[in-house]
Number of protein chains: 2
Amino acid sequence: MPGPIQSLSRAAAIMRLLAGGERRLGLSEVATALGLAKGTAHGILRTLQQEGFVEQDPESGKYQLGAELLRLGQSYLDVHELRARALVWADDLARAAGETVYLGVLHQQGVLVVHHVFRPDDTRQVLEVGSMQPLHSTALGKVLLAYDPVARGELNEGPLEGYTSRTLTELGDIDAECALIRERGWADAIEETWEGVASIGALIQDRRRNPVGAVCISGAVERVCEDGFVRPSLVASVRSAARAISRDLGAGRF
Amino acid sequence: MPGPIQSLSRAAAIMRLLAGGERRLGLSEVATALGLAKGTAHGILRTLQQEGFVEQDPESGKYQLGAELLRLGQSYLDVHELRARALVWADDLARAAGETVYLGVLHQQGVLVVHHVFRPDDTRQVLEVGSMQPLHSTALGKVLLAYDPVARGELNEGPLEGYTSRTLTELGDIDAECALIRERGWADAIEETWEGVASIGALIQDRRRNPVGAVCISGAVERVCEDGFVRPSLVASVRSAARAISRDLGAGRF
DNA sequence: CCACTTCGGTCGACAATGTCGACCGTCTGT
DNA sequence: ACAGACGGTCGACATTGTCGACCGAAGTGG
C-alpha cells in the first residue's frame, strides 16, 4: 500500500493550517481552505478533538490546536537522543562563552530548535524550543546547509527571504559560503537574520559521520564580534562543544 | 457521521504509544500492542512519518515521535489565550513570592503545565512546560478538582496513586478537601506528591465564571510553610494573581 | 421585525478507501 | 547454515470515509 492514508494526510494538513493562522478557524474556513466538503472536514475535526489534538471554543464553535500536542511535543524532547546527550555540553558552552546556546535539527525548510540555554546572568528571555529558524541566514542553518545534502535540497523549493541587508539571498552566494564553511569547519551569521545579533555554529554528527544537527552560540554583535569578525576564542568553544557532543553520540550506542 | 475516523484514532493511539514507552518501538511491537495487522500499522506509520509526526531510525527501523509535534506544540502555546494573558502576572507572582510558578489546565486525567516561571535567583532548573501533574496531590490539580466537575469526573476512572505518606487516595477524603478548598478559595498540597515540596494554588476563571485553569507557587516546604501550614502572605499573593488573570481574561473578549 | 445569509452540524448513499493476511527479502543470533 | 523475527509489499475484499444535500440556530441588513 505505497500511498499515504488520505484521512491522515488531511488531518495533518488541518493541524498545520490551525498552527499557521494565528487566530482560531471555523469549520467552513477549514473546509474551503483545504478544498474539502464540510462534512468531511467536520469528521476529521471531530476525531482530532476527541483525541485532544484540537480544541473547540464552545461558544464561537471555532477550532484551535489542542493540549495533547504540547504533551506529545514534550515527549518528543524526552526521547530525543541528540538533545539528551547535548544537554550538559550546551550548558558548559553557555557558561564558557557567556552567550545564549541553541541546539537545532533540520526540519522541513528550516532548523527546529530542540534545546536553548539562556545567556548566563541575563535578564528575562523567552524559551525558543520548538520554534524554527531559517536555513540560509543563521549559523545553525548554514552549518546544516553546508553538510547535509537534504538541507541544501530544501533550498530549491522557494525563493530566499531577505531579513536584513546582510542576508544572502542568491543560491550561488550560499553555495560559496557553504564551501567556505566546509573548509574551515564552522559557520557564522552576522546580522543576517536579526539586526544586532551574531551567531557561530558547528556541526554535530553521529558515529557514522552523518550530520544530525548543529550547535551555535548567539549574542549581541558587539560581544560576539571584533573588528567585523567573530572572535576566534568563541569559535574554538563552539567547535569543541560540537566535537564533544558528536563523540558522546558515537559512544552512546551498543 | 457521528463516529470517529478509525484510521485517525489509530494514528493517535500509535503516537500516544510512542510517547509512553521511553524507547523506540519497532513496527511489529506497535502492531501487536494495538492489535493491528502489520500492514495496517505500517500504512499509518508511513503516513505519520511523511507528515513529520513520527521519525524512523534508519538503521534499526524503529519508530519514535517526530519533530513536527514539537513545532505544533509550540504553536499551541502561541495561540493559548489563558497563557498569553497570564505571562506577565505569573512573572510578577514569582518575583513577589520568590518561588516557582506554574500555570496549568485540565487535560485528560491530569494537569498540563502550560507555563512555568523559574524561582528567581535559583540554580539550574528544568522547564516543565508540557509535562503533566496528578490531579489529586498537587495544588494545581486540587483546585481544578474542587471547581471543575469534569476534573472531578476523571477521578472515577481509576485508583488513586499514592506518592508520599501524605497523599490523599480515598475519594471521600478528596471530596472533603475539595469542599474546604471551595469554602476558603484556595488549595494547598504539602508534600503530597514530592517529599519536601509544598504548593499553593488558586482558580482562574473566564468572564462567565467557568474554570479554565489554575496558578500555583511551589517550593521547599521550609520556605512555603510555617508551623505546618502554608504562609498566609503567599496565599494572598497567589489568590491575587489568580484574580488578576481572571479579570484579564474577562476583559479580553466582547 | 422579518427575510436572507452563513454558521456548525447531521444524514444516508456510494464507491473510494483503508484494512487484512499472506508473502518477500534481509538481518541476527544460534 | 539455519531458523526466526524483522520491516516492508501486494492484491482482494468490504469496511470505511467521503460527498453533497439538508437542518436548525445565530447573525445580518434591510
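Values below: every heavy atom of this structure, side chains too, minus hydrogens, waters and symmetry copies. Residue numbering restarts at 1 for every chain, and letters A, B, ... go by the order of the sequence lines. Note that the structure is a prediction, hence the values are computed from the model and not measured.
Comparing D:dG17, C:dC20, C:dG18 by their nearest atom to the side chain of B:Q6 picks out D:dG17. The B:I5 side chain lies nearest to D:dT18 when the options are D:dT18, C:dC20, D:dG8. When distances are taken from the side chain of A:S7 to each of C:dC20, D:dT18, C:dG9, the shortest belongs to D:dT18. Ranking D:dT9, C:dC20, D:dG20 by closeness to the B:T40 side chain, first place goes to C:dC20.
A:Y163 has its ring centre less than 6.0 Å from the ring centre of A:H136.
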One character per nucleotide, please: for nucleotides 25-30 of chain C, 5' to 3', B when the base has a protein heavy atom closer than 4.0 Å, S when only the sugar-phosphate does, - otherwise. ------

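When every heavy atom of B:N156 is checked against every heavy atom of B:R152, the shortest pair comes out as OD1-NH1, 3.1 Å.
Using a 4.5 Å heavy-atom threshold, the side chains of B:L82 and B:I245 count as touching.
Taking only side-chain nitrogens and oxygens, B:R46 never comes nearer than 4.0 Å to OP1 or OP2 of D:dG7. An OP1 or OP2 oxygen of D:dG7 is reached within less than 4.0 angstrom by no side-chain nitrogen or oxygen of B:H42. For the OP1/OP2 pair of D:dC6 and a distance below 4.0 Å, the side-chain nitrogens and oxygens of B:Y63 include no atom meeting the criterion. Applying the 4.0 Å criterion to OP1 and OP2 of D:dG8, one finds that B:Q56 has a side-chain N or O inside that range.
For the pair B:I14 CD1 and D:dG7 P, the computed distance is 13 Å after rounding to whole Å. In this structure, CD1 of A:I44 is placed 14 Å from C1' of C:dG18, rounded to the nearest angstrom. Look at CD on B:E59: it is 15 Å from C1' on D:dC6, rounded to the nearest Å. Separating the CG atom of B:L36 from the P atom of C:dT19 is a distance of 8 Å, rounded to the nearest angstrom. The CG-C1' distance, from A:L45 to D:dT18, rounds to 15 Å in whole Å. Rounding to whole angstrom units, CG of residue B:D57 and P of D:dC6 are separated by 16 Å. To the nearest angstrom, P of D:dC23 lies 13 Å from NZ of A:K38.
Taking a cutoff of 4.0 Å between a charged side-chain nitrogen and a carboxylate oxygen, B:R207 and A:E59 qualify as a salt bridge.
A side-chain donor-acceptor contact under 3.5 Å links A:S137 and A:T193.
Heavy atoms from other residues, nucleotides or ligands lying under 6.0 Å from CD of A:E157 number more than 12. Counted within 6.0 Å of CH2 on A:W89, heavy atoms from surrounding residues, nucleotides or ligands total 12 or fewer; the atom is thus considered open. Around the CZ atom of A:R209, the shell of radius 6.0 Å holds no more than 12 heavy atoms that belong to other residues, nucleotides or ligands.
A residue-by-residue look at B:R10 and A:G61 shows that A:G61 has its nearest nucleotide of DNA chain C further toward the 5' end.
A donor-acceptor pair under 3.5 Å links the side-chain atoms of A:Q74 to the main chain of B:V129, judged by distance alone.
For residues 25-35 of chain B, proximity to DNA chain C is found at no residue, defined as any non-hydrogen atom under 4.0 angstrom from a strand atom.
Interatomic distance, CD of B:Q108 versus CZ of B:R16, reported as 6.0 Å (0.5 Å rounding).
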